[in-house]
Peer 1: 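Supplied in C-alpha cells, the structure appears directly below.
Here is the naming used below: chain letters follow the sequence lines, and residue numbers restart at 1 for every chain.
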Number of protein chains: 2
Amino acid sequence: MPRRTGQDREVDVSRPSTSSSSIDRQRGIDRAIGLLELLLVRRQPMSAGEIARHLGAPRSTVYEIVKRLTDARMLEPVGSGGQVFFGRTMHLFGAAYLEGDAGLRRAGEALDALSAETGATVQCCALRGNKYVVLDSRDGTGIFHITSDVGVEVPLPWTASGRVLLGHLSDGEIRSFIPPEDFRLPDGSALPVQRFLDDVAQARRDGFSETTGLASSFTWCQAVPILGREGRADLTLCIVLPVDSDAMQRKRCLSLLVAHARRLGHAGGDRRIA
Amino acid sequence: MPRRTGQDREVDVSRPSTSSSSIDRQRGIDRAIGLLELLLVRRQPMSAGEIARHLGAPRSTVYEIVKRLTDARMLEPVGSGGQVFFGRTMHLFGAAYLEGDAGLRRAGEALDALSAETGATVQCCALRGNKYVVLDSRDGTGIFHITSDVGVEVPLPWTASGRVLLGHLSDGEIRSFIPPEDFRLPDGSALPVQRFLDDVAQARRDGFSETTGLASSFTWCQAVPILGREGRADLTLCIVLPVDSDAMQRKRCLSLLVAHARRLGHAGGDRRIA
DNA sequence: TGACGCCGTCCGAAATATCGGACACTCATT
DNA sequence: AATGAGTGTCCGATATTTCGGACGGCGTCA
C-alpha cells in the first residue's frame with residue numbers, strides 16, 4: 001500500500017471528479033465538512049494529524065478547524081491521544097432534524113410497530129449520494145441479532161432497498177449512477193449489471209424487492225418503497241430475516257411491510273403503473 | 001515570555017458579549033456554527049435573509065454558507081420560501097455520536113426501562129453552557145402527555161436537574177455561573193438566589209432533587225445524578241410526574257430513578273461525601 | 001401604479017484565513 | 001544516545017474569502 005503523504009496534491013490527471021483537490025487552498029467550511037464526513041465514514045475517533053493525512057489538508061489548518069468545532073461541541077475529545085469524535089451538539093442537531101422531518105419520524109414509529117409485530121430487524125433506508133444508507137433501525141429480538149449501523153454507506157447493488165430506491169431511473173441512468181466497483185459483492189463475486197437492472201425493473205412492477213445472499217449469506221431481505229410526493233421512493237421500509245425463515249413467515253412480513261409503507265407513503269394509489 | 005494566542009489581537013474594551021459582532025469580518029466556519037446554533041434555538045426553518053438578520057451577518061455570506069451546508073445536506077430546503085432547516089446528514093452525525101458515547105446510549109436504555117416501569121415522562125439531561133438541556137426523553141403514557149423537546153435550552157434554576165448538575169460548584173461559582181435573569185421563573189416571579197443555593201446544597205447531600213411548580217405549575221420533577229469519572233454529575237435522570245401524584249408513587253419513582261442512575265454511574269460509591 | 005419588502009445573484013476590493021514550515025516536546029524503538 | 005513518528009503551537013506571506021452594495025425579480029399593500 002503506497003504511502004499517501006501531503007504529496008498527492010499534485011495528482012492532477014488521476015482525480016476524476018468529486019472532492020476535486022487541485023493545488024487548492026480550501027475554505028475552512030469545506031475542510032470542516034470534509035472532516036465531519038470523514039469521521040462519519042471512519043466511525044471512530046481520529047487525531048488531528050490523522051485527519052489531515054486522510055483529507056490531504058495541512059496539519060495546521062486541521063488543528064484550527066478541530067479547535068473551532070470542539071469549542072462548539074460539534075466534536076469532543078476522546079481518549080488521551082488527542083483524538084476527537086462527534087460531540088453532543090451533533091446529537092442535538094440530529095434530534096432537531098428528526099423533529100422537523102415528519103416523514104422519518106413517522107417511519108420510526110412504523111419501525112417500532114414492525115419490530116413488535118415481527119421480532120425481526122427492521123430498517124428505514126434511503127439514498128445518500130450514490131450509496132445506500134440506513135437511517136433508522138430496530139434490532140430484532142432473539143439470541144443472535146442481525147444488525148447494521150445507521151449511517152454506514154453501502155453499495156446499492158448489495159441491498160434489496162437499492163433495487164427499490166432506483167425505480168425512478170432508466171437503465172442508462174442507473175448504469176451511469178452506480179460506480180462499477182459497487183457491482184462486486186462482499187464475497188468477491190461480480191453481480192451482472194443486467195441482472196441488477198432486471199431486479200430494479202421487477203421491483204418497480206411488484207412494488208417490493210426481495211434479495212438473499214447478497215450482502216451476507218445468512219440474510220433474506222425484503223424492501224418496500226415509501227413513496228414521496230413525486231411518486232418516487234424517497235425512503236424504504238426494510239426487514240432482515242434469517243435465510244432459513246419459512247415462506248409463510250416471509251409472506252406475512254412482506255404484507256406487514258407493504259401495509260405500513262402504504263400508510264406512510266404520500267402518493268396514495270399505484271402511481272408506479274404510470 | 002508572554003503567550004500570544006490569536007485572541008488578544010484586538011483587546012478593545014468595547015466587546016460587550018457574544019453574538020453581537022461589531023464591524024468584524026468573521027470566518028465562514030464561525031458563521032456556519034452560529035447559523036446552526038441559531039436554527040437549534042429557533043427550531044424552525046429560516047430563510048437566508050432571516051438568518052443574516054438574526055446573526056448580524058452579511059446576506060451574501062449567509063447565502064454562500066447555506067449553499068455549502070445544503071450541498072453537504074447538513075441543511076435541507078423546506079417549503080417554497082427559500083427556507084432551510086437541519087438536513088439528513090445531521091441525523092447521521094448525531095447517530096454516529098450516539099454510537100460512540102456509551103454513556104448516553106446506556107442512559108437511553110435506562111429511559112426505556114423507566115418509562116415502562118412508571119408510565120411517566122422520563123428524561124436524560126445535562127449542562128450545555130450555562131443552561132439545562134434535555135438530551136433524550138420518553139414521553140409518558142396516558143391521555144395527557146407532559147413533554148419537552150430535546151435540545152431546548154432552559155435556565156438551570158427552573159429545573160430539578162439544574163440543582164443536581166451544579167453540585168460540584170461552590171456558592172460563589174454558581175452565582176457567577178448563572179445569568180441573573182435566569183432566576184426569574186416562567187410565571188414572572190423571582191426565585192431568591194439563596195434558596196436556589198440551598199436547594200443545590202440539599203441535592204448534594206441527598207443525592208437527588210425534587211421540585212414542583214417551577215417550570216410549570218402542574219409538574220412534580222425528580223432528578224438524580226449519573227456520576228462521571230470525576231464524581232461529578234455529568235448527566236441526570238429525571239422524571240416528570242403530575243403535581244397531584246400521591247406520595248407513595250413518588251417514593252417508588254424516586255427509588256427507581258436512584259437505582260438506574262447508580263447502575264449507570266461511574267463513581268460507584270458515595271464520592272459526594274468527600 | 002408606485003412603493004415597499006422580500007429573494008437570489010453577481011461583482012470588485014480589501015482584510016485576513018489558510019497554508020507551509022519551523023519549533024519544542026513526548027514516547028518507542030534501535 | 002540517536003532516530004523516527006507523533007502531538008501541539010506559533011509565525012509570516014499571499015492567495016482567497018468575506019463583505020458591501022447593486023441589480024433584477026417577485027409578490028403585496030395602499
Peer 1: Choosing from D:dC10, D:dG20, C:dT18, which nucleotide comes nearest the side chain of B:Pro58?
Peer 2: D:dG20

Peer 1: For A:Ser47 and for A:Ile29, find the nucleotide of DNA chain D with the closest heavy atom, then tell me which residue's nucleotide is more 5'.
Peer 2: A:Ser47

Peer 1: Does a donor on one side chain and an acceptor on the other come within less than 3.5 Å for B:Arg128 and A:Thr89?
Peer 2: yes

Peer 1: Would you kindly give the CZ-to-P distance between B:Arg31 and C:dA17, to the nearest whole Å?
Peer 2: 11 Å

Peer 1: Quick check: on DNA chain D, is the nucleotide nearest B:Val62 upstream (toward 5') of the one nearest A:Gly81, or the reverse? Name the residue that is more 5'.
Peer 2: A:Gly81

Peer 1: Between B:Gln26 (CD) and D:dC19 (P), how many Å, whole number?
Peer 2: 7 Å

Peer 1: Among C:dC19, D:dT18, C:dC10, which is the nearest nucleotide to the side chain of B:Ser60?
Peer 2: C:dC10

Peer 1: Using a 4.5 Å cut-off on heavy atoms from C-beta on, say whether the side chain of B:Ile33 contacts that of A:Leu69.
Peer 2: yes

Peer 1: Could you tell me the separation between the OG1 atom of B:Thr70 and the CG atom of B:Leu75, rounded to the nearest 0.5 Å?
Peer 2: 4.5 Å

Peer 1: Would you say the base of D:dG20 and the side-chain of B:Arg59 have a donor-acceptor pair closer than 3.5 Å?
Peer 2: no

Peer 1: Specify the separation, in whole Å, of atom NZ of B:Lys67 and atom P of D:dT17.
Peer 2: 13 Å

Peer 1: If the test is side chain to side chain contact (heavy atoms under 4.5 Å, CB included), which one of A:Ile226, A:Val134, A:Val164 qualifies with A:Thr236?
Peer 2: A:Val164

Peer 1: Please report the distance, rounded to the nearest Å, between CG in B:Asp30 and P in C:dA17.
Peer 2: 9 Å

Peer 1: Base of D:dT17, side chain of B:Arg25 - is there a donor-acceptor contact under 3.5 Å?
Peer 2: yes

Peer 1: What is the distance, rounded to the nearest whole Å, between atom CD1 of A:Ile51 and atom C1' of D:dG6?
Peer 2: 15 Å

Peer 1: Rounded to the nearest Å, what distance is computed from the OH atom of residue A:Tyr63 to the P atom of nucleotide C:dG20?
Peer 2: 16 Å

Peer 1: Between D:dA15 atom C1' and A:Arg27 atom CZ, what is the distance in whole Å?
Peer 2: 13 Å

Peer 1: Taking the side chain as every heavy atom from C-beta outward, state whether A:Glu64 and B:Arg27 have any atom pair closer than 4.5 Å.
Peer 2: yes

Peer 1: Select one nucleotide: of D:dG6, C:dC19, D:dC19, the one nearest the side-chain heavy atoms of A:Arg53.
Peer 2: D:dG6

Peer 1: Between atom CD1 in A:Ile65 and atom C1' in C:dA17, what is the gap in whole Å?
Peer 2: 9 Å

